[in-house]
Amino acid sequence: MTGDPRRSGTGATPEDFVLGVDSGGSGLRIAVARAADPQAQPLATYTSREPVRTGPAGIDADHMLGQLLPAGEELGRRVGADRFAAVCIGASGMGTLGDDLRARLPAALTAALGARRLALAADAVTAYTGALGQRPGVVVAAGTGMVALGTDLTSEGGWRRADGWGHLLGDCGSGAWIGRAGLEAAMRAYDGRPGGSRALLARAEAVFGPVAGLPGALYPRPDRPAVLASFAPEVANCATGDATTAPDTVAAGILAGAARHIADAAAAACPPGPGTSVACTGGLFAVGDPLLSPLRTALAERLPGARRTTAAGTPLDGALTIAAALAANRLMLPADPKLLQITRSAAG
């Protein structure tokens, strides 16, 4: 457990608290906030590095509940709550693999945590809310994968999604996409084909060993997207160069291509209208200026009337914001059967 728990104090009731969950490829994060806090600042948090499994039924509800319920009960004890006014669970894959969660979590969370209001959200929705709150706009969430999500906050407009189709069918411009393109350029250099990069070949061999053995080592791995994405910082480093190595034009071209893909997704998901907010969030952008510089140019070209906005918070912050808004009957985000399902018990 991590965080700064604070007791509820005199006069507080269990209904004062909400629970937010962020479930993704790197594990599970859970936090508690006060329902009345418009910023939904976490009072106590829990982190597990064990990702929730997927199986034939999609995301494994039993595995999630096995981690979530004990952690939620412990967090409740730490802040003096034995139930929660609302819970929001944001999960990677919720849109396409969340049927088991949608079928089983509402009853289980109501019984175990007293949650009378529940939001089951795709991680893109919690990333959006963490970045922009309940404002119209578009958010690009990029890490191993990449998805753009936008809304004008109307039920008619709903959610506008672009990409997020995984490393085999899309996620263009993502960490996995950049890493794969960098390794392809390394293999081209190894073969002596046009378009190769000796600098990327040297980095690939330093990271993975002789590249002739890379296909056999990479293709069978179930975490192949994450392994590909782990090479993205190497591409960025080659694009920048250092005191002894000139910037590599092939690596720089890969990052410029990634920026164009990200801007294309943002433009496709952006709701119409001038002055729309555009934010980028996720670990990919930590690679810095080799990606951010061409991305600024690409966004200016594809969305000339949009307003660039710094992301305010994380997907976990977004889950807490949704839960607090749901508890207070002030949730403005459009409901969607796949992206944002809202469940209220008879008492809620």
Side-chain angles (χ1 to χ4, degrees), residues 18-32 40 42 45-72 75 84 86-110 112-113 115 117-131 139 141-149 159 161 163-167 171 174 222-223 225-226 281-283 313-323 326 331 333-343:
V18 295
L19 193 74
V21 179
D22 176 35
S23 174
S26 60
L28 195 69
R29 297 191 303 149
I30 308 170
V32 176
T45 61
Y46 166 88
T47 300
S48 167
R49 298 191 181 279
E50 180 182 6
V52 175
R53 294 190 296 262
T54 58
I59 303 170
D60 189 327
D62 282 332
H63 191 217
M64 176 174 280
L65 289 168
Q67 296 191 67
L68 171 56
L69 295 184
L75 290 173
F84 296 96
V87 174
C88 175
I89 296 175
S92 175
M94 180 71 79
T96 54
L97 300 172
D99 286 348
D100 195 31
L101 299 186
R102 284 186 283 269
R104 300 186 53 198
L105 260 59
L109 292 174
T110 298
L113 301 178
R117 303 180 184 192
L118 173 66
L120 297 178
D123 59 340
V125 172
T126 52
Y128 179 100
T129 312
V139 170
T144 297
M146 193 283 295
V147 63
L149 196 68
W159 293 101
R161 169 181 163 161
D163 213 334
W165 303 121
H167 76 293
D171 285 356
S174 68
D223 61 344
T281 185
T314 68
L316 182 59
D317 297 320
L320 288 171
T321 297
I322 291 172
L326 185 58
L331 185 64
L333 301 174
D336 182 276
K338 294 291 187 181
L339 296 176
L340 181 59
Q341 176 181 298
I342 304 300
T343 302

### Task
Begin from the C-alpha positions of Thr281 and Thr314 and carry the test side-chain contact (heavy atoms from CB on, under 4.5 Å) through to its verdict.
CA-CA 8 Å; Thr281 185; Thr314 68; over 6 Å; no

### Query
What distance do Leu333 atom CG and Thr129 atom OG1 have between them, rounded to the nearest 0.5 Å?
4.5 Å

### Message
Please determine whether side-chain contact (heavy atoms from CB on, under 4.5 Å) holds for the pair Val125 and Ile322, giving the CA-CA distance in whole Å, both sets of side-chain angles, and the decisive distance to 0.1 Å.
### Response
CA-CA 9 Å; Val125 172; Ile322 291 172; 4.0 Å; yes

### Message
Holding to salt bridge (charged side-chain N to carboxylate O under 4.0 Å, His left out), I want the full list of residues that pass it with Arg102, two or more places apart in sequence or in another chain.
### Response
Asp99

### Task
Show the numbers, then the answer: is there a side-chain contact (heavy atoms from CB on, under 4.5 Å) between Leu68 and Leu109?
CA-CA 9 Å; Leu68 171 56; Leu109 292 174; 3.8 Å; yes

Listed pairs under 3.5 Å, donor-acceptor, residues 18-25 side chains, sequence neighbours left out:
{"unit_1": "Asp22", "atom_1": "OD2", "unit_2": "Arg29", "atom_2": "NH2", "d": "3.3"}

### Query
Can you tell me how far the CG atom of Leu340 sits from the SG atom of Cys88, to the nearest 0.5 Å?
7.0 Å

#### Entry: Spacing of Leu120 atom CG and Leu339 atom CG [to the nearest 0.5 Å]
12.0 Å

#### Entry: Nearest atoms (heavy-atom pairs only) where Gln67 meets Ser48
OE1-OG, 2.7 Å

### Task
Considering only NZ, NE, NH1 and NH2 on the basic side and carboxylate oxygens on the acidic side, decide whether Arg104 and Asp62 come within less than 4.0 Å.
yes

### Query
Short question: side chain of Arg161, backbone of Asp163 - any donor-acceptor pair under 3.5 Å?
yes

#### Entry: Reported CD1-to-CG distance for the pair Ile89 and Leu118, which is rounded to 0.5 angstrom
5.5 Å

### Message
Under the criterion side chain to side chain donor-acceptor pair (under 3.5 Å), I'd like the reasoning laid out for Asp123 against Thr126: C-alpha separation, chi angles, the key distance, then a yes or no.
### Response
CA-CA 5 Å; Asp123 59 340; Thr126 52; over 6 Å; no

#### Entry: Shortest non-hydrogen separation from Ala124 to Val147 and the atoms involved
CB-CG1, 3.7 Å

### Query
Where do Met94 and Ala122 come nearest, in terms of heavy atoms and distance?
CB-CA, 3.7 Å

## Note on the structure
When every non-hydrogen atom of Pro337 is compared with those of Gln341, the smallest separation belongs to O-OE1, 4.1 Å

## Note on the structure
Value for CG (Leu101) from CG (Leu65), rounded to nearest 0.5 Å, stands at 8.0 Å

### Query
What are the two closest heavy atoms between Ala119 and Ile342, and how far apart are they?
CB-CD1, 3.7 Å

### Query
Considering all heavy atoms of both residues, which atom of Leu105 and which atom of Ala61 are nearest to each other, and what is their separation?
CD1-CB, 4.0 Å

### Query
What distance separates Asp100 CG from His63 NE2, expressed to the nearest 0.5 Å?
13.0 Å

### Task
Could you tell me whether the side chain of Thr110 and the main chain of Ala115 form a donor-acceptor pair under 3.5 Å?
yes

